[in-house]
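Here the structure is laid out as structure tokens; the discussion comes afterwards.
Counting convention: from 1, in listed order, for ligands and their atoms alike. Every heavy atom of this structure was used, including side-chain atoms; hydrogens, water molecules and symmetry mates were not.
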Amino acid sequence: MSNLIVTGGSRLSGIIEIPGAKNAVLPVLAATLLNNGTSILENCPELDDVLTMLEILTALGCRTKREGPRIEVDASNLTSSVIPEVLAKRMRSSIIILGAVLARCGEVLVSYPGGCEIGLRPIDMHLRALEQMGAEVDGLNHGMLKVTASKLHGCEILLDYPSVGATENIMLAATFAEGETIIRNAAKEPEIEDLQEFMKKLGVNVTGAGTGVIRIQGGKEIKAEPVHKIIPDRIVAGTYLAAAAATGGSLVVAGVEYDHIGSILYCLKRIGCTVKNYQGGVVTLEAPARLKPLDLLRTSPYPGFPTDMQPQIVSVLSRSAGTSVVVETVFENRFRYTEQLQKLGADISVQGRAAIIRGVEKLRGAEVEARDLRGGAALIIAGLAAEGETKISGVGYIDRGYERVEEVLSKVGAKIRRVE
Ligand code: UD1
């Protein structure tokens with residue numbers, strides 16, 4: 001079990017190169033299952049969730065090879081359609097493999113994903129869509145789920161909510177379905193566009209990603225040799241920029257897509273940071289010593305302010321000069337980390353889906369526990385801005401989304417170390 005020890009008070013300054021996006025590489029890895037050949041992925045982040053996904057692919061019969069940020073998946077010989085329970089439990093987003101395995105094997109057995117710290121995370125929209133396409137869904141005993149389909153057929157699907165995972169699952173399942181599948185009210189996240197790019201390289205006829213309507217023309221077997229570079233992680237970029245803002249620092253992030261982080265930068269500007277965009281994916285941020293509050297910020301699906309940045313921005317606002325209100329509209333239970341921020345002296349009250357943050361002059365170091373990925377990132381940010389030492393446990397959650405976070409932050413002047 002490791003802990004992070006953060007000594008606050010240092011201004012962040014320097015350059016951080018942003019790695020590939022976790023939420024893009026996971027569905028693209030699932031999509032490699034559609035290929036009766038070898039796919040090569042570049043710019044993959046080195047994260048535990050990526051390793052878990054590779055273990056799942058191996059259990060299904062794929063041959064996988066990883067060399068730093070380059071991953072090779074040969075899915076020409078699938079031998080199983082069972083996602084081992086221990087791997088599915090380790091990573092809730094393993095559910096995005098459902099559509100691809102179903103498309104390729106005609107059946108899939110997976111354990112039902114449980115709730116987590118940020119909400120119930122149901123998969124009703126995923127399952128309803130697959131049923132509409134002709135799949136049979138059986139909830140077996142012991143929390144297992146069996147989905148079978150001798151042949152899927154294309155159809156029109158209207159999502160009640162633009163769910164990222166459901167959109168991805170339907171895109172993958174539709175690949176070998178008979179006829180056209182149309183997804184309406186599809187999620188518009190950049191990760192969906194990246195999945196479409198990869199699917200196009202496989203030869204799939206798919207259009208519309210990035211808009212609310214996606215069309216997939218089902219086809220026959222795929223045998224391709226795609227090479228695909230994963231898009232940069234907009235949440236990792238946003239997190240480090242938020243950390244710089246919280247410390248009154250000046251930071252350069254390189255290798256980003258400006259548009260993908262537009263809503264995050266807009267928000268950082270509103271609280272007093274100066275942000276500049278340069279060609280070649282470089283963004284700079286200069287923060288004043290004390291930030292302004294935000295009268296109202298609501299999370300929403302892309303291109304709105306991402307829920308995955310909500311804890312980090314609340315952490316930044318906890319030391320701003322005034323009162324801010326942040327409303328969480330995507331996940332129902334995403335404020336639990338605020339109890340930990342309060343241990344550092346933050347003045348935050350939560351009323352339903354809104355957090356009211358009264359900015360304090362100083363945070364003080366304390367012992368805190370990360371209980372989910374982005375809540376953990378929020379604790380690091382608060383620790384960097386606090387006086388004295390903060391000890392963060394539950395680091396395993398943080399490692400799921402940030403590669404060697406202490407090394408990255410130390411290089412830009414943070415005092416942070418990992419102790420076993
Ligand atoms: C993805 C991201 C996650 C991000 C989230 C929202 C990955 C691996 N994870 O998660 O980091 O926080 O998008 O941007 O890409 N819902 C239902 N029924 C369903 C599916 C979803 O009610 O069948 C609800 C969820 O409980 C949640 C909302 O819809 O309240 C959005 O969830 P969704 O977009 O599906 O998130 P994920 O794909 O799980």
Verify side-chain contact (heavy atoms from CB on, under 4.5 Å) between Asn36 and Arg104, making sure each step is shown before the conclusion. CA-CA 9 Å; Asn36 189 0; Arg104 183 82 191 276; 3.7 Å; yes
Steps toward side-chain contact (heavy atoms from CB on, under 4.5 Å) verdict (Gln342, Ile348): CA-CA 7 Å; Gln342 282 164 10; Ile348 304 172; 4.0 Å; yes
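With a 4.0 Å heavy-atom cut-off, ligand 1 is reached by the backbone of Pro122 and by its side chain too. Within the 4.0 Å heavy-atom criterion, neither part of Glu328 lies near ligand 1. Looking at Asp308 against ligand 1, only its side chain comes within 4.0 Å, counting heavy atoms.
With values rounded to the nearest 0.5 angstrom, Ile231 atom CD1 is found 10.0 Å from Asn43 atom CG. Rounding to the nearest 0.5 Å gives a distance of 10.5 Å between CZ of Arg298 and CD of Glu328.
Geometrically, ligand 1 and Phe331 share no nitrogen or oxygen pair separated by less than 3.5 Å. Ligand 1 has an N or O atom lying under 3.5 Å from an N or O atom of Asp124, backbone or side chain. By the 3.5 Å distance cut-off applied to N or O atoms, Asn23 is counted among the residues near ligand 1. Note: an N/O pair closer than 3.5 Å links Val330 and ligand 1 by distance alone.
Which parts of ligand 1 touch Gly165 is read off a 4.0 Å heavy-atom cut-off, strictly below it: atoms 35 (O), 38 (O). Close approach of ligand 1 to Ile123 is summarised as follows: ligand atoms under 4.0 Å from at least one heavy atom of the residue are 19 (C), 23 (O). Near Arg334, meaning under 4.0 Å from one of its heavy atoms, ligand 1 places the atoms 12 (O). Annotation for ligand 1: atoms under 4.0 Å from non-hydrogen atoms of Thr307 are 6 (C), 12 (O), 14 (O).
Nearest approach of Val25 to Pro45, heavy atoms of both residues: CG1-CD, 3.9 Å. In terms of heavy atoms, Asp233 sits closest to Gly20 at CB-O, 3.7 Å. Pairing each heavy atom of Gly14 with each of Leu251, the nearest pair is O-CD1, 3.5 Å. Residues Leu202 and Ser39 share a closest heavy-atom pair of CD2-OG, 4.4 Å.
Of the candidates Met125, Met53, Glu332, the one placing a heavy atom closest to atom 23 (O) of ligand 1 is Met125.
A heavy-atom separation below 4.0 Å is not found between Ala187 and ligand 1. The closest approach between a heavy atom of Glu191 and any atom of ligand 1 is not below 4.0 Å. Put simply, no part of Met91 is less than 4.0 Å from ligand 1, judged by heavy atoms.
Proximity of a side-chain donor or acceptor of Thr307 to a complementary backbone N or O of Val330 within less than 3.5 Å is not detected.
Of the residues listed (Leu297, Leu317, Val326, Val316), the one engaging Cys267 in a side-chain contact (heavy atoms from CB on, under 4.5 Å) is Leu297, and it is the only one.
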